[in-house]
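Heavy atoms only: backbone and side chains are in, while hydrogens, waters and symmetry mates are out. All chains are named by letter (A, B, ...) in the order of the sequence lines, taking the proteins before the strands, and each is independently numbered beginning at 1.
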Amino acid sequence: MKISLPDNSIIELDDGATAMEAAAKIGSRLAKAAVAATVNGQPVDLSHQLAEGDAIGIITDNSPEGLEVIRHSASHVLASAVTQLYPGTQLGIGPAIADGFYYDFKFPSPVSENDLEKIEARMKEIIKAKVPFLRHELCREDAAEMFGAQPFKQELLADLSLDEKVTAYSIEGFTDLCRGPHLLDTGRVKTFKLLSVAGAYWRGDEKNPMLTRIYGTAFTSKKALDEHLERLKEAERRDHRVLGKQLDLFHIDEEVGAGLPLWHPRGALIRKIIEDFWRDAHLANGYEMVMIPHIASADLWKTSGHWDFYRESMYSPMDIDGQEYIVKPMNCPGHIKIYNSRTRSYRELPIRWAELGTVYRYERSGALHGLLRVRGFTQDDAHLFVRPDQLQDEIISVIRFVLYMLKTFGFDDYEVYLSTRPEKSVGSDEHWEQATSALKAALEEVGLAYELDPGEGVFYGPKIDMKIRDAIGRAWQCTTIQVDFNLPERFDVTYVGEDNSEHRPIMIHRALLGSLERFIGCLIEHYAGAFPLWLAPVQAIVLPIADRHNDYAGQVAGRLKEAGLRVDLDDRKESVGRKIRDAEMGKVPFMLIVGDKEADAGNVSVRSYAEGDRGSEAVDELAAKMTRQVEEKS
RNA sequence: GCCGGUGUAGCUCAGUUGGCUAGAGCAGCUGAUUUGUAAUCAGCAGGCCACGGGUUCAAAUCCUGUCACCGGCUCCA
């Protein structure tokens, strides 16, 4: 029979030949790398029997699709091991995910990370035994019977559409409801590792029972696995919670409260530098600063709708002179009140009001995480009041602005999402449609690739969310740009148009960095605590070699301070080696060593955190270089 | 909030099957050392063993409640 290949060439095979035989016919190296195949676009096992005229493609182990097959098969091996070791375990689902795979189980008794070793050992036996994956096509009744003791599988089965084929795969005595494809045999899961166990609701819904999820990963080579494990370790080394403690930037105090960070001098200094940059950039980009109080009467939140739509994130009201007040979870109503304080003309629009506004939101205890998820945080917030004809241009300029801001912090790789109308929402369909298409058009105008995130918008409007990719490739949600027709209506926000009648402006809510807490947490990890010069709380430290150099060291520090640099002097009675070590641990960008030679010549011996010993340099020259580098924010 | 885990000095960690005044390194303090590119030496001080109940002759250790933290689920700036 004749089979066509992706390059449209034709090969001749015996009738009844399998995908694997086709791969072997094409080449032995391909056959070795093959993990699955596609036939007429559909993924199939290598054992799949081809038919006359089929178009075949071979999925190899190093392609993303190939890795997915390997990981998916690994999850079956995991499930097989688990059912052998823990009889009576019920099976959830076990898919491949971005960096590995997981399988959800309902164990008869709790299983913890200590059990992973035992499970891994069993998995290795199964892999060593090279057990073939057997595919079964079942009729619905047989399937129902086969998974009689597996309520979760029954549920999956019941949800399959009637015209869908029911398939299952088995290795040894273990059979799982599964669409496939899988490897030929378990021996082809080469290197894997179980990583963690965690709770996970069945189908991600908290109304459902909690299952135990085992996470693992699999690769085609030990080297690739080791590299992945090394990446995980690198992420651990960059953990902002650990670095924040080490570098004395912030802490979260149990007696103050969970999710309420306290900024130490150095952390507060970094924050101040970012805030200054932020304010200057906003003033330069046509924004004005506003400020509002931290609590407001409950009436305000009833008018805004937060009382109804945002209740679960707001803290309980407090009684002030018999009136209810609420700590603000958002800044928008305050800004609207400023807008409404007098009549506005169409000539004034667009109005761009920005504030580093601190808000307090209830987060479930289990969601808190260092600076990345807290209960009190400062948004780099702004609200734009625009005429309908200005909407799209304003969105475009916000996008351009955020790209500039993020680039300054060393981020130039993004994931962009456009979120559309959720179920629980307010407003007319026309408004939603208008806003969504404005966002879409703006993204296209700027040329940003984006993904659609259906139903993930805010209750009052659609939004653009941006995730930044950090130095080791992780994505962080920071930026959000939201269009809002709702609040202007609720607060009866108007402007007087050219026609001398009242019109309704549209609001844009936007946070570029998201919140200072999250952004700085992310920055700490991005830079692994070694901040670039313009952000470093201590930019240079002068290290006198002996006490007799302290005077000169003080002069050097003074000169640099005059140049506007942040400089420390380490005049402790310690060895230079010790002073250098401590400065290295503190990740200070420049260590300036001064001894007799330097004092005589009027220069300093420069050691940079990034490059090590750089030899000596005149103080003024160094000051000029450093100030230039600060200005360039490089 | 839910599932699993953890909580010992400022930090990192020891602490056998419950059994003497709970240990170490680093940091801190005091003294000596005056030092040339990642830790000079010595001494001292520092602990309601997260918090509250309980079991026991005896609890850091066992049970239980609370709180916090960690890995996830959920949620999101």
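Distance from the side chain of A:Ala546 is smallest to B:U34 among B:C2, B:U34, B:C75. Of the candidates B:A38, B:A68, B:C73, B:A38 carries the atom nearest the A:Glu584 side chain, counting heavy atoms from C-beta on. Listed candidates were B:G36, B:C75, B:U34. Nearest to the side chain of A:Lys597 is B:G36. Nearest to the side chain of A:Arg581, among B:A39, B:A77, B:U34, sits B:A39. The listed nucleotides are B:C2, B:C70, B:G36; the one nearest the side chain of A:Ile593 is B:G36. Comparing atom distances between the A:Thr480 side chain and each of B:C73, B:A77, B:A39 picks out B:A77 as nearest. For A:Lys573, the side-chain atoms get nearest to B:U33 when compared with the rest of B:C3, B:U33, B:C67. Nearest nucleotide to the side chain of A:Ser575, out of B:U40, B:G36, B:A77: B:U40. Ranking B:U34, B:U74, B:C3 by closeness to the A:Met210 side chain, first place goes to B:C3. Here B:U35 is the nucleotide among B:G4, B:U35, B:A77 with the atom lying nearest to any side-chain atom of A:Val576.
For A:His369 and B:C75, the shortest distance from a side-chain N or O to OP1 or OP2 is not below 4.0 Å. One finds a side-chain N or O of A:Arg241 lying less than 4.0 angstrom from the OP1 or OP2 phosphate oxygen of B:C70. For B:C3, the OP1/OP2 oxygens have no side-chain nitrogen or oxygen of A:Thr212 closer than 4.0 Å. Under 4.0 angstrom from either OP1 or OP2 of B:G4 there lies no side-chain N or O belonging to A:Tyr215. Contact between the side-chain N/O atoms of A:Arg572 and the OP1/OP2 oxygens of B:U35 is not found at any separation under 4.0 Å. Contact between the side-chain N/O atoms of A:Tyr102 and the OP1/OP2 oxygens of B:G72 is not found at any separation under 4.0 Å.
Residue-nucleotide stacking is present for A:Phe377 and B:A77, judged by a side-chain ring centre under 5.5 Å from the six-membered base ring centre and planes under 30° apart.
Between the C1' atoms of B:C76 and B:C11, the separation comes to 32 Å (whole Å). B:C70 and B:G25 are spaced 24 Å apart, taking the C1' atom of each and rounding to whole Å. Nucleotides B:G5 and B:C48 have their P atoms positioned 28 Å apart, rounded to a whole Å. Distance check on atom P: B:G10 versus B:C57 gives 35 Å, rounded to whole Å. B:A22 and B:C67 have their C1' atoms separated by 24 Å, given to the nearest Å. Rounded to whole Å, the P atom of B:C51 lies 24 Å from the corresponding atom of B:A45. Annotation: B:A58 and B:C20 have their C1' atoms spaced 11 Å apart (nearest Å). Look at the P atom in both B:G23 and B:G36: the space between them is 39 Å, to the nearest Å.
Following rounding to the nearest Å, A:Asp551 (CG) and B:U34 (P) show an atom-to-atom distance of 19 Å. The NZ atom of A:Lys245 sits 16 Å away from the P atom of B:A68 (whole-angstrom rounding). Regarding A:Met585, its CE atom lies at a distance of 19 Å from the P atom of B:G10, rounded to whole Å. Put simply, CZ on A:Phe105 is 16 Å from P on B:G4, counting in whole angstrom units. Residue A:Arg364 contributes atom CZ, which lies 13 Å from atom P of B:C73 at whole-angstrom precision. Regarding A:Lys207, its NZ atom lies at a distance of 18 Å from the P atom of B:C73, rounded to whole Å. Atom CD1 in A:Ile545 sits about 14 Å away from atom P in B:U40, given to the nearest Å. If you take CD1 of A:Ile468 and P of B:C76, they are 19 Å apart, rounded to a whole angstrom.
At the heavy-atom level, A:Gly199 lies under 4.0 Å from base atoms of the strands shown. Across all strands shown, A:Gly595 has heavy atoms under 4.0 Å from base atoms, whether or not it also approaches the sugar-phosphate. Nucleic acid contact for A:Tyr360: none, since no nucleic acid atom lies under 4.0 Å from a heavy atom of the residue. The residue A:Glu598 sits close to a base: some heavy atom pair falls under 4.0 Å. Residue-level contact check: A:Ala258 touches the backbone only, with heavy atoms under 4.0 Å from sugar-phosphate atoms and none from bases. Among the heavy atoms of the strands lying under 4.0 Å from A:Ser112 are primed sugar atoms or P, OP1, OP2 only; no base atom is included. Residue A:Lys467 is out of contact with every strand shown, counting any heavy-atom pair closer than 4.0 Å. At the heavy-atom level, A:Gly577 lies under 4.0 Å from the strands shown only through sugar-phosphate atoms.
Between A:Lys233 and A:Asp226 there is no salt bridge, since no side-chain nitrogen of the basic residue lies less than 4.0 Å from a carboxylate oxygen of the acidic one.
The neighbour count for A:Met291 CE, taken as heavy atoms of other residues, nucleotides or ligands under 6.0 Å away, does not exceed 12. Atom CD of A:Glu117 sits in a sparse spot, with 12 or fewer heavy atoms from other residues, nucleotides or ligands closer than 6.0 Å.
Judged by distance alone, with hydrogens and angles left aside, A:Arg375 brings no side-chain donor or acceptor close enough to the base of B:A77 to form a pair under 3.5 Å. A donor-acceptor contact under 3.5 angstrom links the side-chain atoms of A:Glu363 to the base of B:A77. At a cut-off of 3.5 angstrom, the base of B:C75 holds at least one donor-acceptor pair with the side chain of A:Arg373.
With A:Phe152 as the partner, the ring-ring contact (aromatic ring centres under 6.0 Å, His included) test is satisfied by one option alone out of A:Tyr201, A:Trp202, A:Tyr103, A:Phe105: A:Trp202. The only option from A:Arg510, A:His509, A:Glu355 that meets the side chain to side chain donor-acceptor pair (under 3.5 Å) definition with A:His383 turns out to be A:His509. Each of A:His369, A:Arg373, A:Arg375 was checked for a side chain to side chain donor-acceptor pair (under 3.5 Å) with A:Glu363, and the lone residue meeting it is A:Arg373.
Scanning both residues, A:Leu260 and A:Leu262, for their nearest heavy atoms gives O-CD1, 3.5 Å.
For A:Phe101 and A:His72, the distance between ring centers is not under 6.0 angstrom. In this structure, the ring of A:Phe385 has its center less than 6.0 angstrom from the ring center of A:Trp353.
In secondary-structure terms, RNA chain B builds stems of at least 3 consecutive Watson-Crick or G-U pairs, each pair having both distances under 3.5 Å, at B:1-7 with B:67-73, B:10-13 with B:23-26, B:28-32 with B:40-44, B:50-54 with B:62-66.
For the pair A:Trp432 (side chain) and A:Val426 (backbone), a donor-acceptor distance under 3.5 Å is present. Between the side chain of A:Arg361 and the main chain of A:Pro329, a donor-acceptor pair closer than 3.5 Å is present.
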